[in-house]
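These notes are about the structure you will find just below.
What you see is a predicted model, and the numbers here were worked out from it, not measured in a lab.
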Amino acid sequence: MNIMVMADHESKSLYDYYDPGKLEGIDLIISCGDLDADYLSFFATLCHVPVIYVRGNHDRRYEVKPPEGCICIEDDIFVYKGVRILGLGGSMEYIPGSANQYTEGAMKRRIKRLRWKLWRNKGFDILVAHAPAFEVNDMEDLPHRGFYCFRRLMEKYEPKLFLHGHVHATYGSSFKRRDTFGKTTVINAYEYQVVEYPED
């Protein structure tokens, strides 16, 4: 299964110069946040594959105008072609009280509330988040620091993929598109990337 993942920056190559051939063979589109609702709706309309998303720290406008034709997987497990996909959007809280920002404790509580869904689905195969995991593709400053509880999720459930955004390629030479954590391949979805889901 070929998955197009995207986050943070709209691709002119895909959007302004749209060519259906560029999306040929794509089975699923996943947004890791901070993309305009109309941008996601564009792909949902033209690509004829599911477009699923989590919210980024700048996506409070989704409350007023959510992406049409797209599926929000926040705090849920979405199953597609037998692949279990867990969604946990938002970033580390750096402005207290802001939407889509969470302390480490608040994110842990979100995960705790998912225990029934995790049990019922016998875990998950892909973790989709906006923020990275702590010390895995994150940065030292608070706004771009990753969540430690994401590490715990990967340690416990060993998903095949962890997809995130939030850390931009323009932030410096430390940007990493691909990394590994235990048995999990970690992908930074900045702008867009095509990922092949590793079938058994």
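Of all the heavy atoms in Gly165 and Cys32, the pair that sits closest is N-CB, 3.9 Å. Of all heavy-atom pairs between Glu158 and Glu155, the closest is CG-O, 3.9 Å. Scanning all heavy atoms of the two residues, the minimum distance from Tyr157 to Gly123 falls at CD2-CA, 3.6 Å. Between Val54 and Gly87 the shortest heavy-atom distance is CG1-CA, 3.7 Å. The two residues Glu74 and Gly89 have their closest heavy-atom pair at OE1-N, 2.9 Å. For Gly69 against Ala44, the heavy-atom pair with the smallest separation is O-CB, 3.6 Å.
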May I have the step-by-step check of salt bridge (Lys or Arg N to Asp or Glu O under 4.0 Å) for Arg55 and Asp34, ending in yes or no? CA-CA 7 Å; Arg55 290 185 288 268; Asp34 281 355; over 6 Å; no
Check step by step if side-chain contact (heavy atoms from CB on, under 4.5 Å) holds for Leu127 and Leu163. CA-CA 6 Å; Leu127 173 58; Leu163 311 174; over 6 Å; no
Applying salt bridge (Lys or Arg N to Asp or Glu O under 4.0 Å) to Asp138 and Arg145, what does each step give before you reach the verdict? CA-CA 5 Å; Asp138 68 345; Arg145 187 180 303 159; 6.0 Å; no
Given the rule in the side-chain contact (heavy atoms from CB on, under 4.5 Å) test, do Glu135 and Tyr148 qualify, once you have shown the distances and angles that lead to the verdict? CA-CA 8 Å; Glu135 293 186 344; Tyr148 187 80; over 6 Å; no
Give the C-alpha distance, both sets of side-chain angles, the deciding distance and a yes or no for side-chain contact (heavy atoms from CB on, under 4.5 Å) between Met6 and Leu40. CA-CA 10 Å; Met6 51 183 64; Leu40 297 186; 4.1 Å; yes
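Counting heavy atoms from C-beta outward, Cys70 and Ile52 have side chains that stay 4.5 Å or more apart. Asp38 has its side chain within reach of Lys65: a pair of non-hydrogen atoms, C-beta onward, lies under 4.5 Å apart. At a threshold of 4.5 Å between non-hydrogen side-chain atoms, the residues Leu28 and Ile85 count as touching. Residues Tyr80 and Met1 are in side-chain contact: their nearest non-hydrogen atoms beyond the backbone lie under 4.5 Å apart. Looking at heavy atoms from C-beta onward, Met154 lies in side-chain contact with Pro159 at the 4.5 angstrom threshold. Two residues are said to be in side-chain contact when any heavy atoms from C-beta on lie closer than 4.5 Å; Arg60 and Ser98 meet this criterion.
Judged purely by atom type and a 3.5 angstrom limit, Lys117 uses its side chain to pair as donor or acceptor with the backbone of Asp75. The backbone N or O of Val83 sits nowhere less than 3.5 Å from a side-chain atom of Tyr197 that would complete a donor-acceptor pair. A donor-acceptor pair under 3.5 Å is formed between the side chain of Lys160 and the backbone N or O of Pro198. Arg177 places a side-chain N or O within donor-acceptor distance of the main-chain N or O of Asn188, the cut-off being under 3.5 Å. Side chain of Glu104 to main chain of Cys149: a donor-acceptor pair is present (N/O by atom type, distance under 3.5 Å, no hydrogens or angles). For Asn2 (side chain) and Gly25 (main-chain N/O), a donor-acceptor pair under 3.5 Å exists by modelled atom type. The closest donor-acceptor contact from the side chain of Asp59 to the backbone of Gly56 lies under 3.5 Å. Counting only distance, with no hydrogens or angles, the side chain of Asp8 and the backbone of His166 share a donor-acceptor pair below 3.5 Å. In this structure a side-chain-to-backbone donor-acceptor pair under 3.5 Å is missing from Arg84 to Ile77. Side-chain atoms of Asn137 do not come within 3.5 Å of backbone N or O of Ile187 as any donor-acceptor pair.
In the hydrophobic cluster analysis, where Ile, Leu, Val, Met, Phe, Trp and Tyr join through side-chain heavy atoms closer than 4.5 angstrom, Met139 is grouped apart from Val136. Hydrophobic clustering (ILVMFWY, side-chain heavy atoms < 4.5 Å, transitive): Leu35 and Ile29 are in one cluster. Hydrophobic clustering of Ile, Leu, Val, Met, Phe, Trp and Tyr side chains at less than 4.5 Å, counting indirect connections, unites Leu46 with Val49. Linking ILVMFWY residues whenever their side-chain heavy atoms come closer than 4.5 Å, directly or via other members, places Ile30 and Ile71 in the same cluster. Residues Leu161 and Leu114 do not share a hydrophobic cluster, defined by chaining ILVMFWY side chains whose heavy atoms lie under 4.5 Å apart.
When ring centroids are compared, Phe150 and Phe181 stay outside the 6.0 Å threshold. A distance below 6.0 Å separates the ring centres of His144 and Tyr171. For His9 and Tyr190, the gap between ring centers is short of 6.0 Å. Centroid-to-centroid, the aromatic rings of Tyr15 and Tyr39 come within less than 6.0 Å. A centroid separation of less than 6.0 Å is found between the aromatic rings of Tyr53 and Tyr62.
Here CG of Asp36 is found 10.5 Å from OG of Ser31. Values are rounded to the nearest 0.5 Å. Between Ile26 atom CD1 and Tyr192 atom OH the span is 9.5 Å, to the nearest 0.5 Å. To the nearest 0.5 angstrom, Cys47 atom SG is 12.0 Å from Asp27 atom CG. Remark: Met107 CE to Leu153 CG distance equals 10.0 Å, nearest 0.5 Å. Leu86 contributes atom CG, which lies 6.0 Å from atom CG of Leu118 (distance to the nearest 0.5 angstrom).
Checking Asn57 against Tyr94 by side-chain atom types alone, a donor-acceptor pair falls below 3.5 Å.
The one candidate from Asp179, Val167, Val186 that meets the side-chain contact (heavy atoms from CB on, under 4.5 Å) condition with Pro132 is Val167. With Arg110 as the partner, the side-chain contact (heavy atoms from CB on, under 4.5 Å) test is satisfied by one option alone out of Arg113, Lys108, Lys112: Arg113.
Taking the six-membered ring where tryptophan is involved, the planes of Phe42 and Tyr18 are perpendicular, since the angle between them exceeds 60° and thus also 30°.
Shown here is Arg115, whose CZ atom has no more than 12 heavy atoms of other residues, nucleotides or ligands within 6.0 Å. For Glu68, the CD atom is loosely surrounded, since the number of other residues' heavy atoms within 6.0 Å does not exceed 12. Counting non-hydrogen atoms of other residues, nucleotides and ligands closer than 6.0 Å to CZ of Arg178 gives a total of 12 or fewer.
Between Asp19 and Lys22 there is no salt bridge, since no side-chain N of the basic residue sits under 4.0 Å from a carboxylate O of the acidic one.
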